[in-house]
Number of protein chains: 2
Amino acid sequence: MPVPLLSREELLERLSRTFRRYGYEGASMTRIAEASGLGKASLYHYFPEGKSQMARAVVQRTIEWFEANVFGPLESNHPPRQRIIAMLDTLHRYFEGGQLACLPALMAMSDDRALFPELLERFFTRWVSALGQTLTDSGLARDIAQRRAYDAVERIYGALILSRAFGSDHTFLAMSNELPDHLLAGAGRSTLWTTRVPRFPSSPMVPSRAG
Amino acid sequence: MPVPLLSREELLERLSRTFRRYGYEGASMTRIAEASGLGKASLYHYFPEGKSQMARAVVQRTIEWFEANVFGPLESNHPPRQRIIAMLDTLHRYFEGGQLACLPALMAMSDDRALFPELLERFFTRWVSALGQTLTDSGLARDIAQRRAYDAVERIYGALILSRAFGSDHTFLAMSNELPDHLLAGAGRSTLWTTRVPRFPSSPMVPSRAG
DNA sequence: GTCTATAATAGGATAGAC
DNA sequence: GTCTATCCTATTATAGAC
């Protein structure tokens with residue numbers, strides 16, 4: 001009786017956690033099988049092309065998850081400061097206080113970035129774009145907003161690295177406390193964001209599930 | 001005639017580049033042997049404990065290299081702004097415009113951080129401390145200086161990740177252009193740094209060799 | 001100090017039963 | 001859809017000649 005032990009969602013979630021812990025090379029089929037609870041052969045049923053296909057699916061799912069839980073909310077019609085704080089809160093949970101990285105960033109740091117360069121680029125480009133929207137909504141000039149959006153993503157990943165090196169989320173939290181003021185410094189009391197038509201009718205400010 | 005083909009320095013340099021490209025797991029003995037020009041067995045002559053010993057040596061050497069070329073100069077008696085610019089310039093060359101990461105940061109992003117946690121912590125702690133010295137020398141209060149030092153290291157690594165994801169050092173350079181002003185904002189025209197006794201008699205502002 | 005050869009293990013991937 | 005068993009390659013590591 002061929003009945004799936006896991007939903008595709010649950011399988012991807014477990015694959016994601018394994019890749020995020022060990023990186024692409026470090027995530028062996030044995031580890032993946034153990035973490036997923038499936039045999040190696042079963043994994044090839046879902047991903048005939050093997051490990052690279054699994055990693056690609058995880059990265060794609062990461063983009064989708066961020067779209068729903070980070071990028072979308074950044075473009076909502078909530079007050080800009082609230083959107084930024086929600087992003088940082090969501091990320092803190094996504095990173096599980098520094099216990100887990102994110103696969104696109106992990107891959108970007110090694111030659112593994114050559115596996116799906118277009119996905120990595122899309123992920124970070126989209127993030128900067130969405131955050132840039134938040135900041136222009138706050139009344140900042142477009143070029144300043146864009147520069148600060150890069151700034152923010154840089155600090156988020158740098159803080160993740162430091163938090164992991166120090167074995168504590170203290171650095172990440174300190175960055176989170178500082179960032180909203182820094183990003184919104186000099187922002188006019190523009191009411192643009194209150195009148196702008198939201199792109200996503202009702203984007204959730206709180207994610208359904210961190211994975 | 002047992003004559004070393006490589007100096008230990010040159011061997012470590014090649015090991016370093018290999019680990020920085022592929023990460024700890026991805027740097028296989030075969031790749032390391034090819035990159036070093038030595039046979040696998042010869043590598044075990046230098047590192048009887050194998051790969052983990054090689055990685056440890058590379059991380060230790062990274063700390064020493066940064067001490068001489070980054071941390072030391074940050075504590076020199078040059079003007080603070082000049083020290084910061086020199087650091088960013090040195091890093092741009094060390095990262096080879098984004099082509100190579102640094103092993104401590106790479107390891108910090110995965111569970112590999114558990115291999116030598118004390119070395120990773122020391123590396124980043126030392127960096128924040130040295131840069132904090134630069135900023136207190138500029139006249140900033142100690143707590144502000146420390147917070148901005150974290151800020152700087154965060155942005156440097158975040159910019160490295162973005163640069164690598166985008167396949168261009170543009171993001172790193174944009175960050176480099178912005179950082180000095182940001183770090184020194186509000187710094188008094190204190191002359192502390194001109195009168196302070198230098199800890200390192202004549203720290204080089206330009207590194208001897210990036211590796 | 002370096003090499004070739006090789007052992008022992010772990011890696012990714014597949015066949016075929018159920 | 002999942003499994004056990006297996007294949008083949010690549011991996012880490014070692015032995016022993018020079």
Side-chain angles (χ1 to χ4, degrees), chain A residues 1-61 103 106-107 110-116, chain B residues 1-59 61 103 106-107 110-112 114-116:
Chain A
M1 52 289 280
V3 162
L5 293 183
L6 270 59
S7 68
R8 185 176 175 85
E9 257 312 290
E10 182 60 24
L11 174 55
L12 277 173
E13 167 68 18
R14 299 192 187 186
L15 291 181
S16 175
R17 295 182 67 86
T18 306
F19 278 109
R20 290 169 66 192
R21 275 191 69 180
Y22 302 108
Y24 181 76
E25 297 280 355
S28 69
M29 289 302 295
T30 302
R31 274 177 173 158
I32 293 171
E34 282 170 0
S36 68
L38 293 179
K40 291 186 194 179
S42 301
L43 291 166
Y44 280 91
H45 169 76
Y46 292 96
F47 304 97
E49 292 160 47
K51 201 167 116 167
S52 68
Q53 192 182 10
M54 297 178 205
R56 178 183 287 274
V58 167
V59 173
Q60 280 171 334
R61 180 170 170 279
L103 189 54
L106 193 38
M107 293 186 72
S110 77
D111 269 23
D112 293 338
R113 68 175 168 162
L115 276 169
F116 336 111
Chain B
M1 51 293 279
V3 161
L5 293 183
L6 271 61
S7 68
R8 184 175 176 86
E9 257 312 289
E10 181 60 24
L11 174 55
L12 277 173
E13 166 68 19
R14 299 191 186 187
L15 291 182
S16 175
R17 295 181 67 86
T18 306
F19 278 110
R20 290 169 64 194
R21 275 190 69 180
Y22 302 108
Y24 180 75
E25 298 280 353
S28 69
M29 290 301 295
T30 302
R31 274 177 172 157
I32 293 172
E34 281 170 1
S36 68
L38 292 180
K40 294 182 192 177
S42 300
L43 291 165
Y44 279 92
H45 169 75
Y46 291 98
F47 304 97
E49 293 160 45
K51 203 167 112 165
S52 68
Q53 192 182 9
M54 297 180 205
R56 178 184 286 275
V58 167
V59 172
R61 180 171 170 280
L103 189 54
L106 193 38
M107 293 186 71
S110 77
D111 269 23
D112 293 339
L115 276 169
F116 336 111

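Residue numbers begin at 1 in each chain, while the letters A, B, ... track the order of the sequences. Bear in mind that the values here come from a model prediction, so they are computed numbers and not experimental data.
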Using a cut-off of less than 4.0 Å, is there contact between a side-chain N or O of A:Ser42 and OP1 or OP2 of D:dC3? yes

Please compare A:Ala41 and A:Tyr24 by the position of their nearest nucleotide in DNA chain C and report the one closer to 5'. A:Tyr24

From CE of A:Met54 over to P of C:dG11, roughly how many Å is that when rounded to an integer? 14 Å

C:dT2 OP1/OP2 closer than 4.0 Å to side-chain N/O of B:His45: no

What is the distance, rounded to the nearest whole Å, between atom NZ of B:Lys51 and atom P of D:dT14? 15 Å

Do B:Phe19 and B:Ile32 come close enough that some side-chain heavy atom pair is under 4.5 Å? yes

Tell me: CD of A:Glu49 to P of C:dT14, nearest whole Å? 10 Å

Rounded to whole Å, how long is the line connecting atom CG of A:Leu43 with atom P of C:dG11? 14 Å

To the nearest angstrom, how far is B:Leu38 atom CG from C:dT2 atom C1'? 8 Å

What pair of heavy atoms forms the shortest contact from A:Leu115 to A:Met107, and how long is it? CD1-CE, 3.8 Å

Could you work out which one of C:dC3, C:dG12, D:dT2 sits closest to the side chain of A:Met29? C:dG12

Grab the CZ-C1' distance between A:Arg8 and D:dT2 for me, whole Å please. 17 Å

Measuring only between side-chain heavy atoms, which start at C-beta, is B:Tyr44 closer than 4.5 Å to B:Gln53? no

Should B:Tyr44 be listed as having a side-chain N or O under 4.0 Å from OP1 or OP2 of D:dT14? no

A:Ala33 near the nucleic acid: base, sugar-phosphate alone, or nothing, with a heavy-atom cut-off under 4.0 Å? nothing

Just wondering, do A:Tyr24 and A:Lys51 contact through their side chains at under 4.5 Å, heavy atoms? yes

At under 4.0 Å, does any side-chain N or O of A:Ser28 touch on OP1 or OP2 of C:dA10? no

Think B:Thr30 has a side-chain N or O under 4.0 angstrom from the OP1 or OP2 of D:dT11? yes

